[in-house]
Amino acid sequence: RESGPRGWCRVYSPSAAVRRGAEADSPQVHVLPQDSLVYIQETHGQRARISQPVPGWVDTATSDGVTVVYEDPFLHDHDEKVDLQVVLQSDQSKARRENIRAKVAKLTATQQRLAGAMKQMKARAKALRGAPGVVTDAVQQRAPEVAKELGGAARQVVDSLDAQKVLDDIKGKPEVQDLLR
């Protein structure tokens, strides 16, 4: 048994499969929509046994390790038998809850995008490591063209009126004139 979220928690993944057992291939018994409240009895790794709203097991993190189930700060002092409607109807608590939920949902979405980007970067790096000759050939083929483009851009900057003014100003400085002699 490992430590993890316990008690009333909120699910921040777009949907969460509730399975009969702790195994990932256990039959699915329900799907929880994003922002669902669940009551976690115990956790084992990234799996949690819930008793509310339906009994079963859910993932507390994605396969990339992004946490998608967090303890609900407004319900942490309440047991499983609390009347959720009474607790959740308070206007003050509702506004704070909405603010926190929005922030956590945004954080979770950002973490999931970052995890996806990291996967893409790793795949690209692996492909590049596997084909160093292809990269070298591509660089060698494009080098003259890139150098020509850079040379043309540099010439445009040097030939521009603003660049000429800057060069004339620099040439007029006594320190620069000493260097030119």
Practice task
Report whether V68 and I50 are members of the same hydrophobic cluster (ILVMFWY, side-chain heavy atoms less than 4.5 Å apart, transitive linking).
Solution key: yes
Problem - Between CG on residue D64 and CD on residue Q112, distance to nearest 0.5 Å - result: 8.5 Å
Fill in the blank from the handout: Between the CE atom in M118 and the NZ atom in K122, the distance rounded to the nearest 0.5 Å is 5.0 Å
Handout entry: Candidate pair T60 and Q46, rule side-chain hydrogen bond (donor to acceptor under 3.5 Å, both in side chains), full reasoning
Key = CA-CA 5 Å; T60 59; Q46 293 183 341; over 6 Å; no
Problem - Where P5 and T43 come nearest, the two heavy atoms and their spacing - result: O-CG2, 3.2 Å
Practice task
Mind checking the CE-CG spacing from M121 to L114? Nearest 0.5 Å is all I need.
Solution key: 10.0 Å
Handout entry: From CD (Q34) to OG (S15), nearest 0.5 Å
Key = 9.0 Å
Problem - Whether R20 side chain and P55 backbone form a donor-acceptor pair below 3.5 Å - result: no
Practice task
Begin from the C-alpha positions of K103 and L107 and carry the test side chain to side chain contact (heavy atoms under 4.5 Å, CB included) through to its verdict.
Solution key: CA-CA 6 Å; K103 287 178 181 178; L107 172 66; over 6 Å; no
Handout entry: T67 side chain to V69 backbone, donor-acceptor under 3.5 Å
Key = no
Problem - Parallel, tilted or perpendicular: rings of H44 and W57 (30°, 60°) - result: tilted
Problem - Backbone of E42 reached by a side-chain donor or acceptor of R49 within 3.5 Å - result: no
Handout entry: Shared hydrophobic cluster for V29 and I40 (ILVMFWY, side-chain gaps under 4.5 Å)
Key = yes
Completion exercise
Distance col, row L32:CG vs L37:CG, nearest 0.5 angstrom, shows 10.0 Å
Practice task
Would you check if the side chain of R19 reaches a backbone N or O of A24 as a donor-acceptor pair within less than 3.5 Å?
Solution key: yes
Handout entry: Over all atoms of both residues, closest heavy-atom pair of S13 and A16
Key = OG-CB, 3.9 Å
Fill in the blank from the handout: Distance col, row C9:SG vs D72:CG, nearest 0.5 angstrom, shows 8.0 Å
Exercise for the section: For the pair Q28 (side chain) and V18 (backbone), establish whether a donor and an acceptor sit closer than 3.5 Å, ignoring hydrogens and angles. Expected result: no
Practice task
Determine yes or no for a side-chain-to-main-chain donor-acceptor pair under 3.5 angstrom, with S26 supplying the side chain and A22 the backbone.
Solution key: no
Exercise for the section: Kindly work out whether a path of hydrophobic side-chain contacts (I/L/V/M/F/W/Y, heavy atoms less than 4.5 Å apart) joins V11 to V58. Expected result: yes
